[in-house]
Amino acid sequence: MTQISQAQARTIIDTAFAKGDALGLKPLSVVVLDAGGHVLAFSRADGAAPGRFAIAHGKAYGAVMLGMAGTAQMKRAEDQAYFMAAVNGVFGGQVVPVPGGVLARHDGAVIGAVGVTGDTSDNDAICAVAGLEAAGLSAEI
């Protein structure tokens, strides 16, 4: 497997929403990107703010483009703020370096990323991991 299929993308989104509902989280928005940072699928739950696409995309985009999940990006931003500011400049301000941007791996290779937003960043990451695991993929938070 070298890419996330449309069926897997739907499973990721549906499972992330179900996990959020089960945990009683705020309405989520979920995006699935391929290994090149292109959108494969996106969905916004009823009641989620319309601007959430950009946040979900930024979480996933930073993860896939840097090969570094959101948790690691946040640590890097805390330790080397100038580096992450420069990276965000290189990528046109599209990087949101916080948990909830989760790398999708298969046999160790990055094949995409999931971005979830709507609740706390840590809860967003929990939902992304649930979606990736349901789709048979490994998650790196």
Side-chain angles (χ1 to χ4, degrees), residues 1-23 25-141:
M1 173 187 314
T2 59
Q3 61 187 12
I4 299 171
S5 70
Q6 277 297 306
Q8 286 173 308
R10 291 299 341 148
T11 295
I12 291 165
I13 290 171
D14 292 345
T15 303
F17 283 163
K19 183 70 168 182
D21 289 344
L23 295 174
L25 304 183
K26 295 175 185 173
L28 301 177
S29 294
V30 183
V31 68
V32 180
L33 304 183
D34 67 13
H38 305 284
V39 176
L40 293 173
F42 170 75
S43 191
R44 183 172 56 92
D46 293 342
R52 289 292 179 169
F53 171 79
I55 298 168
H57 182 268
K59 288 181 176 188
Y61 190 76
V64 77
M65 296 310 284
L66 296 171
M68 181 188 309
T71 302
Q73 288 179 62
M74 187 170 79
K75 174 79 170 117
R76 188 84 183 258
E78 291 167 349
D79 294 345
Q80 296 179 310
Y82 291 114
F83 173 78
M84 286 306 290
V87 164
N88 213 357
V90 167
F91 292 118
Q94 294 185 69
V95 176
V96 179
V98 296
V102 179
L103 287 171
R105 292 187 180 269
H106 181 74
D107 290 335
V110 173
I111 62 168
V114 176
V116 177
T117 185
D119 204 86
T120 67
S121 292
D122 290 336
N123 284 339
D124 295 343
I126 288 167
C127 295
V129 168
L132 284 163
E133 289 176 350
L137 301 170
S138 297
E140 181 182 328
I141 60 169

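- Annotation for V114 and A128: closest pair CG1-CB, 3.9 Å, computed over non-hydrogen atoms.
- Expressed to the nearest 0.5 Å, how far CD of Q73 lies from CG of L66 amounts to 5.0 Å.
- Contact detail for A9 and I4: the closest heavy-atom pair is N-CG2, 3.9 Å.
- For the pair M65 and V95, the minimum side-chain heavy-atom distance is 4.5 Å or more.
- S29 approaches A48 most closely through the heavy-atom pair OG-CB, 3.7 Å.
- Shown here are the side chain to side chain contact (heavy atoms under 4.5 Å, CB included) partners of A72, two or more places apart in sequence or in another chain: M68.
- The stretch residues 74-85 participates, sequence neighbours left out, in these salt bridge (charged side-chain N to carboxylate O under 4.0 Å, His left out) pairs: K75-D79.
- The nearest pair of heavy atoms linking A113 to V64 is CB-CB, 3.9 Å.
- The heavy-atom pair separating G115 from A60 by the smallest distance is N-CB, 3.4 Å.
- Scanning for side chain to side chain donor-acceptor pair (under 3.5 Å) contacts around N123 gives D119, T120, with sequence neighbours left out.
- Under the salt bridge (charged side-chain N to carboxylate O under 4.0 Å, His left out) criterion, the residue pairs touching residues 55-64 are K59-D124, with sequence neighbours excluded.
- One finds the CG atom of L28 at 9.5 Å from the CG atom of L23 (value rounded to the nearest 0.5 Å).
- Distance alone, capped at 3.5 Å, is enough to place a donor-acceptor pair between the Q8 side chain and the S5 backbone.
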Do any side-chain atoms of residues 134-141 form donor-acceptor pairs under 3.5 angstrom with protein atoms, and if so which ones, sequence neighbours left out?
| residue | atom | partner | partner atom | Å |
| --- | --- | --- | --- | --- |
| E140 | OE1 | R105 | NE | 2.6 |
| E140 | OE1 | R105 | NH2 | 2.9 |

Inset, instruction - Could you check H106 against I111 for side-chain contact (heavy atoms from CB on, under 4.5 Å), going step by step and ending with a plain yes or no? - result: CA-CA 7 Å; H106 181 74; I111 62 168; 3.9 Å; yes

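- Side-chain contact between I13 and V32 is present, with heavy atoms from C-beta onward closer than 4.5 Å.
- Scored by the side chain to side chain donor-acceptor pair (under 3.5 Å) test, R52 finds T117 as partners (sequence neighbours excluded).
- The salt bridge (charged side-chain N to carboxylate O under 4.0 Å, His left out) contacts involving residues 25-34 comprise nothing, where partners must be two or more places apart or lie in separate chains.
- Residue pairs meeting the ring pair (Phe, Tyr, Trp, His ring centres under 6.0 Å) criterion with at least one member in residues 67-102, sequence neighbours excluded: Y61-F91.
- Sorted by first and then second residue, the pairs that involve residues 6-18 and meet salt bridge (charged side-chain N to carboxylate O under 4.0 Å, His left out), not counting sequence neighbours, are R10-D14.
- At a threshold of 4.5 Å between non-hydrogen side-chain atoms, the residues L25 and C127 count as touching.
- Pairs of residues two or more places apart, or lying in two chains, that qualify as ring pair (Phe, Tyr, Trp, His ring centres under 6.0 Å) and include a residue from residues 25-51 are F42-F53.
- By the side chain to side chain contact (heavy atoms under 4.5 Å, CB included) test, A130 pairs with T15, K19, sequence neighbours left out.
- Remark: T2 OG1 to D107 CG distance equals 11.0 Å, nearest 0.5 Å.
- Residues T71 and V102 form no side-chain contact, since every pair of their non-hydrogen atoms from C-beta on lies 4.5 Å or further apart.
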